[in-house]
Protein chains: 2
Amino acid sequence: MAGGVAELLTGRMTEIIDAARDLLEAGGPEAVTMRAIAERLGIKAPSLYKHFPDKEALEAALVAAGYVEQAEAFAAAGRSRNPLAALARAYRRWAMEHPHLYMLMTNRPLERDRLPDGVEAAAAAPIVKACGGNPDRARAAWAFAHGMTSLELANRFPPDADLDAAWRSGIDALQAPHATQPRSTT
Amino acid sequence: MAGGVAELLTGRMTEIIDAARDLLEAGGPEAVTMRAIAERLGIKAPSLYKHFPDKEALEAALVAAGYVEQAEAFAAAGRSRNPLAALARAYRRWAMEHPHLYMLMTNRPLERDRLPDGVEAAAAAPIVKACGGNPDRARAAWAFAHGMTSLELANRFPPDADLDAAWRSGIDALQAPHATQPRSTT
DNA sequence: ACACTAGGCTAACGACGTTAGCCCGTCAAG
DNA sequence: CTTGACGGGCTAACGTCGTTAGCCTAGTGT
């Protein structure tokens, strides 16, 4: 059984995940209840446990599907010229189109053994490439994008903030163009 | 009415918030139940509703207290030379010391009218100052710090990632607009 | 003396995740 | 055919959660 969670999804499982996702995107996280998922499928809540051991496992599958979809959205942007800016746009865009799913994917610890291996790494790969393979800078850029996105979704910026300008400012700074000296301040 | 939530806290209210906070820091968010808070105070859960209209209001008060405390921790760092780096260290440090509270403060929307006015702004002010008053760059820096912190707390970085290096890389890039070395031979 | 109020209490409701146990259809092996 | 395993439904129920209704008591201002 090694492989952990990388088990294949039976048809019924994907139906369940789709139902959960519809509820999530329509009504936020508190709309995703076992009873509501079941009702949407015309079955009763306990039947869901024939397919997933518990709600957390179901959510983990939802998150995994999200990462796959996200990775697809990023792949195209990664091939652009000025890939960092394009990726940032794609990142923000995807999150704004699926705000609740994005938060489910990033908020809270969510132990990694619930996720198929490498699913996160695949989504992150284009960013690393866009940072010229510098993993520290790539993580910084990822953190910046996630931070902007998370704060925007959580409504943490003042209403008059110019978020486009903030994104530009950050991307601009984090670009790894000239003067990529690891030691800059003497 | 005006003033919103800026009402003063009666003695009993701060006791309740302290109890909630103890539970939060000790057992994570799901340990914070109305019954558990009450038990810690030697009373019963419904009595809490004599002091807070609902659990969300109680959590909002907890979050507000967190912002105040955070702002205090940042104030000192803001007065350092190289304030951006010092603030980043303080930011990360505070979050690591209060991980659950930090997540409660930043995750999920949490409508702002629950918070006393300006409590967020006060915490953000030193960052703006450290960015030479450039608000876009300040927001980018804030987002970077929050992103790094959030991803670290959510266990999103691979175990072998050098987070100190990533922080350094980001701070370095975001420092001042154009390679504004503090003392470049002026 | 009396009413008001702050702040406790018990009982209970409905929604939630979850478990136990039953049942029925399909289908391969005898 | 019969049979037996099993996938995938079902009902009933449990314990926990936030929350409400309604009662009671000690202190206080008039």
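In what follows, chains are A, B, ... by sequence order, proteins preceding strands, each numbered from 1.
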Whole-Å distance separating the [atom1] atom of [X] from the [atom2] atom of [N]:
{"X": "A/Met13", "N": "D/dG9", "atom1": "CE", "atom2": "P", "answer": "13 Å"}
{"X": "B/Lys50", "N": "C/dG7", "atom1": "NZ", "atom2": "C1'", "answer": "6 Å"}
{"X": "A/Glu30", "N": "D/dC17", "atom1": "CD", "atom2": "P", "answer": "19 Å"}

Q.
Tell me whether the side-chain N/O atoms of B/His51 come closer than 4.0 Å to OP1 or OP2 in C/dA6.
A. no
Q. Among pairs that include at least one residue of residues 22-47 of chain A, which meet side chain to side chain donor-acceptor pair (under 3.5 Å), considering only residues two or more places apart or in two chains?
A. A/Arg21-A/Glu25, A/Asp22-A/Arg40, A/Glu25-A/His98
Does any part of the side chain of [Y], heavy atoms only, come nearer than 4.5 Å to the side chain of [X], both counted from C-beta?
{"X": "A/Asn134", "Y": "A/Val128", "value": "no"}
{"X": "A/Trp142", "Y": "B/Phe144", "value": "no"}
{"X": "B/Leu101", "Y": "B/Trp94", "value": "yes"}

Q: Just jot down the salt bridge (charged side-chain N to carboxylate O under 4.0 Å, His left out) partners of A/Asp54, sequence neighbours excluded, or say none.
A: A/Arg114
Check residues 162-171 of chain A and write down every donor-acceptor pair under 3.5 Å in which the side-chain atom is one partner and the other belongs to a residue at least two apart or another chain.
from	atom 1	to	atom 2	distance (Å)
A/Asp162	OD1	A/Asp164	N	3.3
A/Asp162	OD1	A/Ala165	N	3.1
A/Asp164	OD1	A/Arg92	NH1	3.1
A/Ser169	OG	B/Arg137	NE	2.8
A/Ser169	OG	B/Arg137	NH2	3.3

Q | Set of side-chain contact (heavy atoms from CB on, under 4.5 Å) partners for A/Ala71, sequence neighbours left out | A | A/Ala123
Q.
On DNA chain C, compare the nucleotides closest to B/Arg12 and A/Thr33; which residue's is nearer the 5' end?
A. B/Arg12
Q) In terms of side-chain heavy atoms of A/Asp54, which of D/dC10, C/dG8, C/dT18 is nearest? A) C/dT18
Q) Do A/Lys55 and C/dG17 share a donor-acceptor pair, side chain to base, under 3.5 Å? A) no
Q. In residues 34-49 of chain A, which ones come under 4.0 Å of DNA chain D, going by heavy atoms?
A. A/Arg35, A/Gly42, A/Ile43, A/Lys44, A/Pro46, A/Ser47
Got a list of protein N/O to nucleotides 24-26 of chain D N/O distances below 3.5 Å?
none

**Q.** Taking every non-hydrogen atom, the tightest pair across A/His100 and A/Leu24
**A.** CD2-O, 3.4 Å
